[in-house]
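Everything quoted here is computed from the prediction, not taken from an experiment. Residue numbers start at 1 and run along the sequence shown.
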Amino acid sequence: MTMAVPVAGSPNGIPLRIQLQRVERRRKLRAFILVLLLLLFILIAFVLPISRVMFNAIHDDNCWR
């Protein structure tokens, strides 16, 4: 007969390895979200205005009137 013995240092009964995996998963997810927000900001603040200016430089509606 085998008995599960709680690991010392985990008062809630969850093994430390599982707790560490959860913390690491949260850290990776948080880092991913922060990088995603930064890329979204760069896209909105820089790439879209520059692409709009480039498009307007090529596409001229007044030349056909």
Practice item. Sequence neighbours left out, what passes side chain to side chain contact (heavy atoms under 4.5 Å, CB included) with L37? Give chain and number order. Key: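 Counting only residues at least two positions away or on another chain, L37 forms a side chain to side chain contact (heavy atoms under 4.5 Å, CB included) with I33.
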Point to revise | The single option from I14, L16, L20 passing side chain to side chain contact (heavy atoms under 4.5 Å, CB included) against I18 | key: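 Testing I18 for a side chain to side chain contact (heavy atoms under 4.5 Å, CB included) against I14, L16, L20 leaves exactly one candidate, I14.
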Check your understanding: L38 pairs by side chain to side chain contact (heavy atoms under 4.5 Å, CB included) with which of L36, I42, V35?
Key -> I42
Exercise for review: Let me see the working for L43 and L39 under side-chain contact (heavy atoms from CB on, under 4.5 Å), right down to the final yes or no.
Suggested key: CA-CA 6 Å; L43 179 73; L39 289 176; over 6 Å; no
Review point. Are L34 and L29 co-members of a hydrophobic cluster defined by side-chain heavy atoms under 4.5 Å apart?
Key: no
Exercise for review: Calculate, to the nearest 0.5 Å, the distance between atoms CZ and CD belonging to R26 and Q21 respectively.
Suggested key: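 Here the rounded value is 12.0 Å.
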